[in-house]
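Structure, as structure tokens:
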There are 2 protein chains.
Amino acid sequence: MEFNEAKAQFIQTWGKLGSEWGINRTMAQVHAILLISPKAMSAEEIMAELSISRGNANMNIRDLINWNLVHKELVPGDRKEYFTAEKDIWEVARRIIKERKKREMEPVLKVINQLKTIEGDQQSAEIKEFSSMINQLDSFVGKMDKSVNLLLNENENKLFSILFKLMS
Amino acid sequence: MEFNEAKAQFIQTWGKLGSEWGINRTMAQVHAILLISPKAMSAEEIMAELSISRGNANMNIRDLINWNLVHKELVPGDRKEYFTAEKDIWEVARRIIKERKKREMEPVLKVINQLKTIEGDQQSAEIKEFSSMINQLDSFVGKMDKSVNLLLNENENKLFSILFKLMS
DNA sequence: TTAAACTTTCAGTAATTATTGAAAGTTTAT
DNA sequence: ATAAACTTTCAATAATTACTGAAAGTTTAA
């Protein structure tokens, strides 16, 4: 396969995967471009590469920076801003997991905790079923939370060596 | 908190979480209702509970069945179809992971494999960076794939006992 | 068969989400 | 201070995604 075709397919695939996981397709595509770029890129270059407007480029780059996946790079003697992506894919995964945990898991944990005590006839079938599900979720999400913390604190090899033990 | 308020908040939260992860909000809400219902529900009951149309209810219930999270239940002497959700939350998680792996991880693996060999000057900075990223991804996704297979084949306790070892 | 009871489909519409582009804002060099 | 070079914002618009409801399809009982 020719390089330009491969590049286009990579950007396409990364964008599709992002949108399937609730991430703006363009943001994922900007990320893809930066992941495979050997040098820092300016907003202009990103706009040209994806045929998107300045505003769109600016917002998605800002979002990527907020996700801690991309950072600004200053070139001495040049007023433009340049952008580079974290290239270590394990580190990329950790940062995405960390961010989603903070944005989505923690609010859910909070709600579940509020729902653990409800008023009313504790013998009614509805309340019994509801409480049972909330308790299951509380336990499950708590365990997940701990597991994710481990993932975030350990390195790749340690984790996979443990998972390898699980196989045997 | 009163039961009806708690129930509304649970449905709301589950729906929001779903939409943040690329799942139709209504589908997640239908799932939430069934998760906490002590009995199988008819399409009518679901429609009423969420104030949605018959068509919408039908499509989202069908999707939940395709995700293997909900199944039909027949009541003798009644022509209506009733629906129940899998109630074991660990099993729910396994089915969601299994489905997303099939729908999203496997296609990505296929593309990555195609992109491993590209034509052109292998010494150019662009091609070197691209190949390096593809190789990293290939290795990473391969490991994830194996790990997920383990998760799907082991039970909850085994998994968490292993993760617990990781903590020490 | 027939028709009542139910489920599914899908064209039209509504709601949501993403994008544009020009104006406003900021920074830097002189 | 000024203006050139750049970045950010956001109202208007476009694109995408979800929903409705009525018509078509299916199943069952008599």
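Letters go in sequence order (proteins before strands), and every chain restarts at 1. What you see below is based on every heavy atom in this structure, not just the backbone, and it leaves out hydrogens, waters and symmetry mates. What you see is a predicted model, and the numbers here were worked out from it, not measured in a lab.
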Tell me the closest heavy-atom pair linking [X] and [Y], and the distance in Å.
X: B:Lys7; Y: B:Ile36; answer: CG-CD1, 3.7 Å
X: B:Ser53; Y: B:Met47; answer: O-CG, 3.9 Å
X: A:Met133; Y: B:Leu35; answer: CE-O, 3.5 Å

State whether the side chain of [X] and the backbone N or O of [Y] hold a donor-acceptor pair below 3.5 Å, judged by distance alone.
X: A:Arg94; Y: A:Leu152; answer: yes
X: A:Ser147; Y: A:Lys143; answer: yes
X: B:Gln122; Y: B:Gly120; answer: yes

Interatomic distance, [X] [atom1] vs [N] [atom2] [rounded to whole Å]:
X: B:Leu50; N: D:dT20; atom1: CG; atom2: C1'; result: 15 Å
X: A:Glu81; N: D:dT8; atom1: CD; atom2: C1'; result: 10 Å
X: A:Asp63; N: C:dT17; atom1: CG; atom2: C1'; result: 13 Å
X: A:Met47; N: C:dT20; atom1: CE; atom2: P; result: 9 Å

Ignoring hydrogens and geometry beyond distance, is a side-chain donor-acceptor pair present between [X] and [Y] at under 3.5 Å?
X: A:Lys116; Y: A:Asn113; answer: yes
X: B:Trp90; Y: A:Gln136; answer: no
X: A:Gln29; Y: A:Gln12; answer: no

Would you please name every residue forming a salt bridge (charged side-chain N to carboxylate O under 4.0 Å, His left out) with A:Glu5, sequence neighbours left out? none

Of all of [range], which get a heavy atom below 4.0 angstrom from DNA chain C, listed by number?
range: residues 70-78 of chain B; result: B:Lys72
range: residues 54-62 of chain A; result: A:Gly55, A:Asn56, A:Asn60
range: residues 11-34 of chain A; result: A:Asn24, A:Thr26

Residues which pass ring pair (Phe, Tyr, Trp, His ring centres under 6.0 Å) with A:Tyr82, listed by chain and number, not counting sequence neighbours: none

Side-chain heavy-atom pair A:Ile112, A:Val141 within 4.5 angstrom cut-off: yes

Heavy-atom side-chain contact between A:Val92 and B:Phe140 under 4.5 Å: no

Is there any protein nitrogen or oxygen under 3.5 Å from a nitrogen or oxygen in nucleotides 25-30 of chain C, and what are the pairs?
residue, atom, partner, partner atom, Å
C:dT27, O2, A:Arg79, NH2, 2.7

DNA chain C: A:Ile52 or B:Glu44, which has the more 5' nearest nucleotide? B:Glu44

